[in-house]
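Written below as structure tokens is the structure these notes are about.
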Protein chains: 4
Amino acid sequence: MGESQLPGDAAGPVRHHGNRHGRSEDARRAVIRAADDLLVERGFAGVTIEGIAARAGVAKQTIYRWWGSKVDVLFDTFLEDATEQLAPPDNGTVRSDLTAYLRQLAAFLTEDDAGAVLRALVGQAQHDPGLARTLRESHLDQLRNRELAMLDRAVGRGELPAGLDLDEALDRLVGPVYHRVLVTGGPVGPEVTDRFVDAFLAACAAAGEPAPVPPDQG
Amino acid sequence: MGESQLPGDAAGPVRHHGNRHGRSEDARRAVIRAADDLLVERGFAGVTIEGIAARAGVAKQTIYRWWGSKVDVLFDTFLEDATEQLAPPDNGTVRSDLTAYLRQLAAFLTEDDAGAVLRALVGQAQHDPGLARTLRESHLDQLRNRELAMLDRAVGRGELPAGLDLDEALDRLVGPVYHRVLVTGGPVGPEVTDRFVDAFLAACAAAGEPAPVPPDQG
Amino acid sequence: MGESQLPGDAAGPVRHHGNRHGRSEDARRAVIRAADDLLVERGFAGVTIEGIAARAGVAKQTIYRWWGSKVDVLFDTFLEDATEQLAPPDNGTVRSDLTAYLRQLAAFLTEDDAGAVLRALVGQAQHDPGLARTLRESHLDQLRNRELAMLDRAVGRGELPAGLDLDEALDRLVGPVYHRVLVTGGPVGPEVTDRFVDAFLAACAAAGEPAPVPPDQG
Amino acid sequence: MGESQLPGDAAGPVRHHGNRHGRSEDARRAVIRAADDLLVERGFAGVTIEGIAARAGVAKQTIYRWWGSKVDVLFDTFLEDATEQLAPPDNGTVRSDLTAYLRQLAAFLTEDDAGAVLRALVGQAQHDPGLARTLRESHLDQLRNRELAMLDRAVGRGELPAGLDLDEALDRLVGPVYHRVLVTGGPVGPEVTDRFVDAFLAACAAAGEPAPVPPDQG
DNA sequence: AAGTAACCGAGACGGTACGTCGCGTCTTACG
DNA sequence: CGTAAGACGCGACGTACCGTCTCGGTTACTT
């Protein structure tokens, strides 16, 4: 999983074809493109190594040389178009940041091709602990850190209470969105995500004051 | 999907054996049991029709006669042991109900065998819209209705504001739990779920009053 | 093989249907008819117990109750229409008897439905010694005896030499016909079979005299 | 049927191993050998693609890649060991040639493993016109041509009448042998085949002279 | 007239083998 | 040395029939 060895990123236009100078960039892109297309056209089960190879005009061995499985290829497919697509913003106010980000997240998950890939990967991760780990380490953790930074900026600005557990706060924010997308299939339009932000901010505001509803006595 | 036709339904010791009167109850249970065991022991990929058949001492054709796929079998596996396992309680107070339920939900998803099946099904549903639909219609909707009733009781008692959108409220409650389980893999122990309930109640309380933090002007 | 128990042959029109008095004649005929049709329409491989049962509107068990296999059914099929179809004639002269019989045999094997069944059975008998034995004992031996009697009559009339080995003579007569039908697929029209008879008779005639060509000295 | 594409043809140690240059010769031989063994040990019904694959240590797909059915494999099995096994001799005299050849043929059909394969193929050909055609075109016709040449040499030497229909003559010669082997199961030892030759030669001799028995008047 | 027993249809069952698909590994020839 | 090509052993797929079984219904001989 995730054993994809990227080619010489910095080295400029390395672009060979059946030679001794490193992997073929053409082949790499053809594979990723083919995998993406197949996922969108035929769904996860329709993505096979043989299918990718045939569609990309590439030998199976070439795929196995650089990736470990079809999930690995999809993973690169995902990284290719999605890495910077989900950028927690920095607009200056919590409300603005959060509403913007949740709208962006919802749209990404439901409308973007890369979002479809992510859903497929998260789905597959339920069957495959190794993939789950790779997925988190290679992507979700970075994203999460950027999301946490967004919250941290709000704390710095005094918009969120200092003692807030940012991890849990984040789950309370994005959790409902993921839940609708992955589990209920319910709508996640801007009105919905905006209200999620409202509720989140209301809870945070209340947490900074004496709780108006006394805790459970039992 | 979900094309399993149950036999003698409600009552009566209907216990046939492969004749014109319907399917063999023995075979049905052996299949479901085998699928469950295989999922727990070897994971989703380790569940195969051939494997189930061999383990259950049943012919493949018998499985194909009554179920459409391994997912279908797992679905019945899930219904078998989980239908009543997740019962939103009615303890008399919101806080008590919600903390109890979220603890129960988290434990189910992370510790119970049926929870493992549910995670697998939700994962597979990401690749299979038909399964997603069946899963919701056959199970998740009922559960959700019971969950909504739990919230509704709290509204009736005046513990939650009357104008609350219960659907969104529910997503804000259980969403963070599912998110941790399905996406981040973070912990969902009682302390965590209790704090989720705290935050939820705080937000609801605030919603019933003039908001102490003014909404974003932009 | 050949375990078909025929019903009370002599007892008149025994014709019941789901009772305790013996097998259903309707079912028996429907089965035989279905098997015959299937053989002609779809060939030997297209004859299956399930297919016969479905086509005859009969339960599989009914077939297994009275026959042992599809070959057994075909066997009855064959006996039904072919037992008396191949009757070595008694016209008074060898030449007449033999030409008539060989023409009849060739036509039966190549044109008659029952001939198709016989070819199928002989074919199957190559794979199945048990069937081969049954086939000979139940049918071919009787036929052969009638054929031998035909030759014996000719010997009695002095038309064939007294010392003739009738078994070998018969093989020299019908063997070429079977060979063409079963092996080469060559034509076996009346002109051909008539010439076979000519040659046979010529050899027999020569055997009654001093051989004009001296035997090999080596 | 007979769609087996042979590799390196005539000569040269072409010995590849499952690459772009053609099929694996090892696999081909293992398959043929396994099929042969299974036929001899368990009969035609005991020959299955799965059985062959297992015994040969070969994947089913490899068999299906190069052959179309078990009959196809048996066909190659047969060609492998039998092509030159039946060689009509050229000893200089008809009697010598024919007695030798008929003995050889009878022994081949009744004792040789390849003979068993041929019997199975001829049997199967009764159910399968395609196989019948292939069998004739791929093997029997060549053999027949060699047999006809043997007779033709005798005609050239003046040992057989010039006007003889060689095709029919051949059927009269080998037909009785095939008949015994395929139909009656009667013995075909040297004494028997020698007498078949005697009769054949007697008929031919008589055909060259005024017939001592006048033809039928009716 | 009721009971009973043999045969019927239907069809589910545990199996074997089918022919296909995709896996991941391999060997080669080319550039 | 990386590539396209593709054969290989392997495992699982979903299907077709096999031969066995249990069932409820029908019918005609008991009693």
Side-chain angles (χ1 to χ4, degrees), chain A residues 16-24 26-27 45 47-54 56-66 68-70, chain B residues 16-24 26-28 30 45 47-54 56-66 68-70, chain C residues 16-24 26-27 45 47-54 56-66 68-70, chain D residues 7 16-24 26-28 45 47-54 56-66 68-70:
Chain A
H16 310 292
H17 185 70
N19 55 20
R20 54 191 302 183
H21 309 293
R23 76 190 282 188
S24 157
D26 285 358
V47 181
T48 65
I49 297 285
E50 301 222 322
I52 295 170
V58 142
K60 280 166 64 180
Q61 186 56 49
T62 299
I63 300 181
Y64 283 109
R65 187 151 28 228
W66 302 110
S69 65
K70 76 169 183 177
Chain B
H16 309 294
H17 200 66
N19 50 23
R20 64 152 36 178
H21 310 293
R23 66 197 288 186
S24 157
D26 284 359
R28 186 182 150 272
V47 181
T48 66
I49 298 286
E50 300 223 320
I52 295 170
V58 141
K60 276 166 65 180
Q61 187 56 52
T62 296
I63 300 182
Y64 284 111
R65 185 148 37 224
W66 302 110
S69 66
K70 75 170 183 176
Chain C
H16 311 291
H17 185 68
N19 55 21
R20 57 191 302 190
H21 308 293
R23 71 192 286 187
S24 157
D26 285 358
V47 181
T48 65
I49 297 285
E50 301 223 320
I52 295 171
V58 142
K60 279 166 64 181
Q61 186 56 50
T62 299
I63 300 181
Y64 283 110
R65 194 161 15 237
W66 301 110
S69 66
K70 75 170 183 175
Chain D
H16 306 297
H17 202 65
N19 50 23
R20 62 154 35 180
H21 309 293
R23 65 198 289 188
S24 158
D26 285 358
R28 185 182 151 273
V47 181
T48 66
I49 298 286
E50 299 221 320
I52 295 170
V58 142
K60 276 166 65 179
Q61 187 56 52
T62 297
I63 300 181
Y64 284 110
R65 185 148 35 222
W66 302 110
S69 65
K70 75 170 183 176

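Residue numbering restarts at 1 for every chain, and letters A, B, ... go by the order of the sequence lines.
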Upstream residue (5' side of DNA chain E) when Ala27(B) and Gln61(A) are each assigned their closest nucleotide: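 Looking at the nearest nucleotide for each, Ala27(B) comes out on the 5' side.
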Intermediate values then yes/no, side chain to side chain contact (heavy atoms under 4.5 Å, CB included), Arg65(C) and Thr62(C): CA-CA 5 Å; Arg65(C) 194 161 15 237; Thr62(C) 299; 3.8 Å; yes
Length of the line joining [X]:[atom1] and [N]:[atom2], which is rounded to integer Å:
X	N	atom1	atom2	answer
Ile63(C)	dT20(F)	CD1	C1'	14 Å
Ile52(B)	dG11(F)	CD1	P	18 Å
Trp66(C)	dG19(F)	CH2	P	18 Å

Atom of Ala59(C), atom of Ala53(C) and distance for their closest heavy-atom approach: C-CB, 4.3 Å
Residue-phosphate contact under 4.0 Å: Thr62(A) side-chain N/O, dA4(F) OP1/OP2: yes
Side-chain N or O of Arg65(C) closer than 4.0 Å to phosphate OP1/OP2 of dC7(E): no
With sequence neighbours excluded, residues passing side-chain contact (heavy atoms from CB on, under 4.5 Å) with Lys70(C): Phe44(C), Val47(C), Ile49(C)
Qualifying residues under side-chain contact (heavy atoms from CB on, under 4.5 Å), relative to Ala30(B), sequence neighbours excluded: Ala56(B)
The single option from Asp26(B), Ile52(B), Ile63(B) passing side-chain contact (heavy atoms from CB on, under 4.5 Å) against Val58(B): Ile63(B)
Anything under 3.5 Å between a protein N or O and an N or O of nucleotides 12-14 of chain F, put it in a table, one pair a line.
residue: dC13(F); atom: OP1; partner: Ile49(B); partner atom: N; Å: 2.9
residue: dC13(F); atom: OP2; partner: Ile49(B); partner atom: N; Å: 3.2
residue: dC13(F); atom: OP2; partner: Glu50(B); partner atom: N; Å: 2.8
residue: dG14(F); atom: OP2; partner: Tyr64(B); partner atom: OH; Å: 2.4
residue: dG14(F); atom: O5'; partner: Tyr64(B); partner atom: OH; Å: 3.3
residue: dG14(F); atom: N7; partner: Lys60(B); partner atom: NZ; Å: 3.0
residue: dG14(F); atom: O6; partner: Lys60(B); partner atom: NZ; Å: 2.7

